[in-house]
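Here is the structure we will look at.
These numbers were taken from a predicted model, which means no experiment stands behind them.
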Amino acid sequence: TVCLGDSLFVAQGDALFRMDAATAEVKARHAIPASVIDLCTDGTRLYAVEYGWTAGRPIHVIDPGSGAAVREIVTEANKANHAMGAKGVAWRDGRLWVLEGMHGRIHAVDPATGAVEKTLQTEGRWLAGLAFDGAAFVAGTREELLWIDPADGKVLRRLPVHYPLRSVEARGGAVYLLEQPVFGHDRAHRRVRVWPKRTLIHRWSPPPR
């Protein structure tokens, strides 16, 4: 989930939706790899990180107008790994910051080469979704929304939530929260979505601190 201009972009399954950020009206739908887990922007392009980035899968650079992928960013060093665990991506100071959710690590990635330049160990675990609000990283957990110091990974603020979070975005003084759907199986053992039946994105304006 990411805002660009007056649009909100959401990756769901194998589709990228461009929505009106104020009304949630869907303006366009484009095909993307089904394993894309999160989005961010440098103000011009979209960056879509795959869940398997930690095992060498690419970050896709996408034209927001057409939805077309214009190139891929591959971290060659990750190809030696087997575990998949990327859960978020954000843009900060000319770098992509990729969240390795289970271990709470945030990796600074050179967008030109894909090389990991720095790794920030946070205090959090099982994080999902990553955004940068201009001062701190914002990430979700199964129980909280966290603000994380980009210098040392310490948690600056915690806010309890009533549902697990899949993706977050912080832009223009608002925080967008995408719920993590709950899945189960029907009588034929087919995987089905239990809750919520429709995708819910909550827009929250935090009070001044």
Side-chain angles (χ1 to χ4, degrees), residues 1-2 4 9-14 16 30-64 67-142 146-156 165-170 178 180:
T1 306
V2 69
L4 180 59
F9 291 85
V10 179
Q12 283 281 83
D14 60 356
L16 173 68
H30 307 288
I32 57 171
S35 57
V36 166
I37 198 70
D38 198 21
L39 305 166
C40 73
T41 182
D42 61 2
T44 302
R45 302 288 194 187
L46 300 179
Y47 297 86
V49 67
E50 292 197 34
Y51 176 64
W53 174 84
T54 50
R57 298 294 299 166
I59 297 171
H60 304 273
V61 186
I62 298 173
D63 182 321
V70 297
R71 71 182 181 97
E72 293 182 345
I73 302 170
V74 177
T75 299
E76 292 293 334
N78 282 358
K79 291 182 177 180
N81 304 329
H82 298 286
M84 297 187 182
K87 297 292 285 185
V89 65
W91 181 269
R92 172 179 174 262
D93 294 342
R95 291 291 179 268
L96 289 162
W97 296 78
V98 182
L99 173 66
E100 186 181 354
M102 182 174 70
H103 301 293
R105 291 191 284 257
I106 304 175
H107 305 278
V109 177
D110 184 329
T113 67
V116 174
E117 299 181 328
K118 174 184 178 182
T119 296
L120 183 69
Q121 180 65 63
T122 77
E123 297 176 337
R125 292 294 184 273
W126 300 105
L127 303 182
L130 189 68
F132 183 67
D133 68 1
F137 287 119
V138 185
T141 75
R142 296 169 179 178
L146 305 179
W147 284 259
I148 298 169
D149 191 323
D152 58 17
K154 292 188 180 301
V155 175
L156 302 172
L165 298 175
R166 180 181 184 273
S167 181
V168 303
E169 166 66 331
L178 175 61
Q180 172 61 53

Taking side chain to side chain contact (heavy atoms under 4.5 Å, CB included) as the test, write out the residues that go with [X], two or more places apart.
X	answer
Ala48	Val36, Leu39, His60, Ile62
Val116	Trp53, Thr75, His107, Val109, Thr119
Arg125	Gln121

Under the 3.5 angstrom rule, does the side chain of [X] hit a backbone N or O of [Y] as a donor-acceptor pair?
X	Y	answer
Thr54	Ala83	yes
Asp38	Gly129	no
Thr141	Trp126	no
Thr1	Ser167	no
Tyr51	Met84	yes

May I have all residue pairs that pass salt bridge (charged side-chain N to carboxylate O under 4.0 Å, His left out) and include part of residues 107-121, sequence neighbours excluded?
->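 Counting only pairs at least two positions apart or across chains, the salt bridge (charged side-chain N to carboxylate O under 4.0 Å, His left out) contacts touching residues 107-121 are Arg95-Glu117.
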Could you measure the distance from the [atom1] atom of [X] to the [atom2] atom of [Y]? Nearest 0.5 Å is fine.
X	Y	atom1	atom2	result
Asp14	His30	CG	NE2	13.5 Å
Glu100	Thr122	CD	OG1	10.5 Å
Leu127	Arg105	CG	CZ	11.5 Å
Leu178	Glu169	CG	CD	11.5 Å
Glu123	Ile148	CD	CD1	8.5 Å

Tell me the closest heavy-atom pair linking [X] and [Y], and the distance in Å.
X	Y	result
Ala131	Ala170	CB-N, 3.6 Å
Pro64	Leu46	CB-CG, 4.0 Å
Ala136	Pro150	CA-CD, 4.0 Å
Pro58	Val74	CB-CG2, 3.9 Å

Please step through side chain to side chain contact (heavy atoms under 4.5 Å, CB included) for the pair Val155 and Trp147, ending with a clear verdict.
-> CA-CA 6 Å; Val155 175; Trp147 284 259; over 6 Å; no
Would you please name every residue forming a salt bridge (Lys or Arg N to Asp or Glu O under 4.0 Å) with Asp149, sequence neighbours left out?
->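 Checked Asp149 against salt bridge (Lys or Arg N to Asp or Glu O under 4.0 Å); zero matches.
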Set of salt bridge (Lys or Arg N to Asp or Glu O under 4.0 Å) partners for Arg92, sequence neighbours left out |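 Applying salt bridge (Lys or Arg N to Asp or Glu O under 4.0 Å) to Arg92 gives none.
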pair Ile59-Glu50: side-chain heavy atoms closer than 4.5 Å |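 Of all side-chain heavy-atom pairs linking Glu50 with Ile59, none is under 4.5 Å.
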Residue pair Phe9 / Leu16, side-chain heavy-atom distance below 4.5 Å =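 They are in side-chain contact.
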Verdict with supporting geometry, Leu96 and Trp91, side chain to side chain contact (heavy atoms under 4.5 Å, CB included) = CA-CA 5 Å; Leu96 289 162; Trp91 181 269; 3.7 Å; yes
Are the aromatic ring centres of Phe137 and Trp97 under 6.0 angstrom apart?
->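 Ring-ring flag for Phe137/Trp97: true, centres closer than 6.0 Å.
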side-chain contact (heavy atoms from CB on, under 4.5 Å) partner of Leu99, the single match among Leu120, Ile106, Ile37, Val89 |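 Answer to the side-chain contact (heavy atoms from CB on, under 4.5 Å) test with Leu99 among Leu120, Ile106, Ile37, Val89: Ile106.
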